[in-house]
Amino acid sequence: MNRNGKMIGFAVIAASLGGAYALAQGATGPMTQAQVTAGRADYIANCAGCHAPGLTGAGDAPALTGATFNSAWADKSTKEMHQFISTSMPYGNAGQLSPATYTNIVSYILAANGAKPGDKPFTKDTDVKVSTIADGKIVAAVLAGTVPAAAPRPAAGAARPAGGDGDGGGRGAPAFNLGHTVQGTVKNYSDVTDDNLKKPADGDWLMFRRNYQGWSYSPLNQITPDNVKNLQLKWSWAMVGGGAVEVTPIVHDGIMFLSNSNNTVQALDAKTGELIWENRLGPVQTSAYGATRSLGLYKNKVFVATTDAKIHGLDARTGKELWSTTIDTPPKSETGGVMVINGKVLTGLMGCDQYSVTGCYISAYDTETGKQLWKFQTNARTGTPGGDTWNGLPDELRGGTDTWIAGTYDPELNTTYWGTAQAKPWLRASRGTADKAALFSTSTLALDPDTGKLKWYFQHIPGESLDLDEVYERVLIDHGASKEVFTIGKTGFLWKLDRVTGKFLGIKPTVFQNVFAKVDEKTGALEYRKDILEQKTNQYYSSCPGPEGGHDWQATSYHQPTDNLIIPLSQSCVMIAGRDVDKKIGSGGTAATQLFFFMPGTNQNMGRLTAVNTATMATTWTWQQRSPFLTSVISTGGGVAFIGDFDRNFKAVDAKTGKIVWQTRLGQMVEGYPSTFAIDGKQYLAVTAGTGGGSPFQKPSTLLTDVHRPLNGTGHEVYVFGLPD
Amino acid sequence: MFRQRTHYVLIAGLVSLLAAPAFAADVQYSTPLDPVAFDNSTVKNNVGTGEITATLSGKTLTVTGKYSGLSSAATKAEVKIGPVMGVPGPVVGELKIPGGMSGDISGSITLTSAQLASLNKGGVSVVINSEKAPNGNLWGWLQTAAQ
């Protein structure tokens with residue numbers, strides 16, 4: 001049996017069971033306590049990173065318990081469950097575990113959902129209807145591994161394990177000592193001033209997208225389309241592995257500040273690759289999401305937000321921790337990168353898919369002390385502006401609206417621009433928001449950085465219902481007196497807004513889409529296809545593009561000399577089904593399953609690179625290739641744009657024509673946010689390669705069976721290139 | 001596999017658009033056939049490739065094509081109609097397919113006005129099932145060269 005069969009099964013469950021079914025009283029499940037005990041350790045080592053230690057799911061990985069578990073498995077057999085898990089998981093390394101590990105893990109998942117171990121071992125042929133042995137109610141004692149699964153079940157509600165991201169995840173992983181592990185001093189560091197941030201020195205890459213406007217453009221011009229073929233590797237460095245590598249090598253005064261997995265920060269000599277200091281702040285993460293996308297620099301400090309939802313200020317010269325402040329508690333986390341404005345460090349929040357009391361917000365901290373200065377709630381609360389757009393859901397059930405990409409800033413308008421993610425769970429049918437907008441999801445927010453006060457918002461997709469995120473980069477571009485902000489999300493629509501007022505100025509499709517039946521080019525209003533509007537849980541709906549995007553976290557570059565935005569695009573579709581969700585704190589999640597397929601009309605080309613003129617919104621050049629891109633684009637005054645892909649290629653294109661002028665192949669998927677910088681008058685280029693990457697990595701890893709990657713590879717590296725001396 | 005999914009009701013406005021006149025010149029459509037993929041448990045069975053061309057003459061759509069590289073014998077070739085490209089819809093007709101891992105496909109179906117509207121929006125797909133992928137092994141949505 002396969003998932004195709006499962007799709008038909010959904011309709012049957014929905015029709016006949018209505019979610020309610022009885023568990024056979026006293027029945028023991030077809031597994032032994034020894035399997036459950038071993039399966040717990042195997043689960044923590046191989047699955048918890050994505051599905052969370054408490055089986056509650058996180059990000060794209062669905063919950064393996066509760067209503068979500070029931071809507072996926074109640075009507076299936078244990079054999080189908082084993083077959084699915086052993087051929088599909090762990091995601092990205094499917095089928096790589098031993099047969100015993102798979103049977104143990106399935107035993108554990110079943111026991112954690114109520115199945116009672118007996119004396120018959122679970123095998124790949126064990127064929128029992130899941131709902132007759134497991135009811136989806138989590139058994140805390142099995143999760144905790146403290147008492148045998150056969151012990152009486154504690155009251156419901158005691159289900160969540162302590163901690164989350166970072167808790168207990170070290171088991172099975174190599175030892176990783178935390179602390180200020182390498183001590184040293186950066187010699188020639190000059191304090192970063194507000195003026196530096198407003199007008200970065202040509203040779204620096206001081207912040208996430210290099211400048212406040214989010215251009216991902218460097219004026220450096222030594223490397224050109226003509227000489228780029230001479231680029232050679234100057235040095236490389238094996239980073240802390242595990243999770244995803246989606247980081248920006250930040251460079252100031254010839255020093256590279258690098259965020260690594262396990263919440264580790266390093267300072268390296270960017271010319272030689274010599275490590276100067278390292279601080280392993282921790283925690284050691286279990287999450288599939290890796291290091292923060294970007295560190296922040298200001299005065300004598302480097303700022304990092306961590307996967308346990310804390311923010312830290314370190315001494316940039318020595319790496320010593322000067323302060324640390326808790327933003328929220330796991331499973332919330334922060335990987336979106338931080339930004340510094342007027343002496344404050346601003347950060348978003350992610351992991352808000354799980355129902356919580358505190359919800360989701362952007363917040364600001366004093367760079368000197370770490371004191372929290374303000375918070376802007378992105379999931380509007382009852383009784384506040386926008387609070388009446390959640391179909392009456394109580395505040396703690398207003399999931400999502402995460403801010404997992406750092407914002408941009410206009411110093412003249414003293415306004416910071418942020419994108420927000422969709423409301424969660426992904427499908428409105430799962431989350432219960434009906435046809436309501438769920439503010440401030442999928443919006444552009446214009447905030448006063450001093451107070452966190454909202455100046456205006458523009459909601460791109462009211463009540464977004466398919467995981468078509470609009471959280472990505474807000475790029476600030478002027479045309480004469482017109483001050484504009486551009487953004488592009490998973491739908492592949494490029495948006496142009498007036499950044500003074502939030503007024504809609506233009507919309508342009510960049511890839512095929514079938515989810516909106518109507519697009520009003522005058523107002524930007526979008527109208528969903530009818531079946532999406534009428535969606536139900538446990539039914540599949542086609543979404544082109546799917547959650548890979550269109551456009552995803554791989555940011556655009558504004559090549560200023562040609563007035564083009566160079567945009568990495570992906571082309572794939574999904575059938576997506578929303579799960580049923582327990583409406584209680586700690587539940588929630590993204591709660592959907594996806595089946596992937598090639599986007600029609602693309603000849604199975606998953607990657608596309610497109611340059612759009614930002615004045616006219618006309619396409620300047622575009623081409624497609626089989627593998628999707630996994631890095632942002634950076635472009636330069638030398639007229640070259642760089643990008644890396646799933647097939648390990650790092651490519652240089654002529655920014656004017658899009659023609660590929662150089663490429664090289666690295667050890668892993670080329671993934672992250674490259675940067676370029678200069679030391680002693682010489683231009684360098686830094687790019688990371690590694691694993692992870694969320695949807696943009698998951699889709700091709702299933703669809704592109706012909707593209708081979710290092711199996712079981714978890715390593716990340718940074719590579720630095722330059723022209724011959 | 002999508003037979004039990006929602007039935008699509010076409011917007012009335014569209015229906016009136018397409019009084020496909022009987023005297024209109026023949027229109028050519030084509031599509032490559034992509035493996036249906038779906039997930040890691042199905043992707044290794046859902047392999048192969050193919051090519052479909054179709055001619056619309058009046059309301060009759062005549063389909064020919066080739067497929068190859070399946071991992072098990074083909075069992076069926078179906079025409080499905082959804083509202084737009086990428087949305088599989090209900091089966092509206094079957095094509096002749098010899099079975100085996102490769103071969104030719106042919107057949108014709110007569111479309112209603114509403115189905116013609118879907119065809120013009122890229123909503124008509126050809127789906128090949130096989131023994132190991134009984135709910136879709138290869139598929140593709142018919143498009144004109146202009147689309």
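Proteins come first, then strands; the chains are lettered A, B, ... in the order of their sequence lines, and each starts at number 1.
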Hey, is the main chain of B:Thr112 close enough, under 3.5 Å, to the side chain of B:Gln115 for a donor-acceptor pair? yes
Between A:His82 and A:Tyr102, how do the two ring planes meet: parallel, tilted or perpendicular, split at 30° and 60°? perpendicular
Of the listed A:Gly601, A:Pro600, A:Ser543, the one with the largest count of heavy-atom pairs under 4.5 Å with chain B is A:Pro600
Hey, does the side chain of A:Thr103 reach the backbone of A:Pro99 with a donor-acceptor pair shorter than 3.5 angstrom? yes
For A:Thr705, is it the side chain, the backbone, both or neither that has a heavy atom under 4.5 Å from a heavy atom of chain B? side chain
If we ignore hydrogens and angles and just use 3.5 Å, is the side chain of A:Glu464 paired with the main-chain N or O of A:Asp467 as donor and acceptor? yes
Structural part of B:Leu33 lying under 4.5 Å from a heavy atom of chain A: backbone
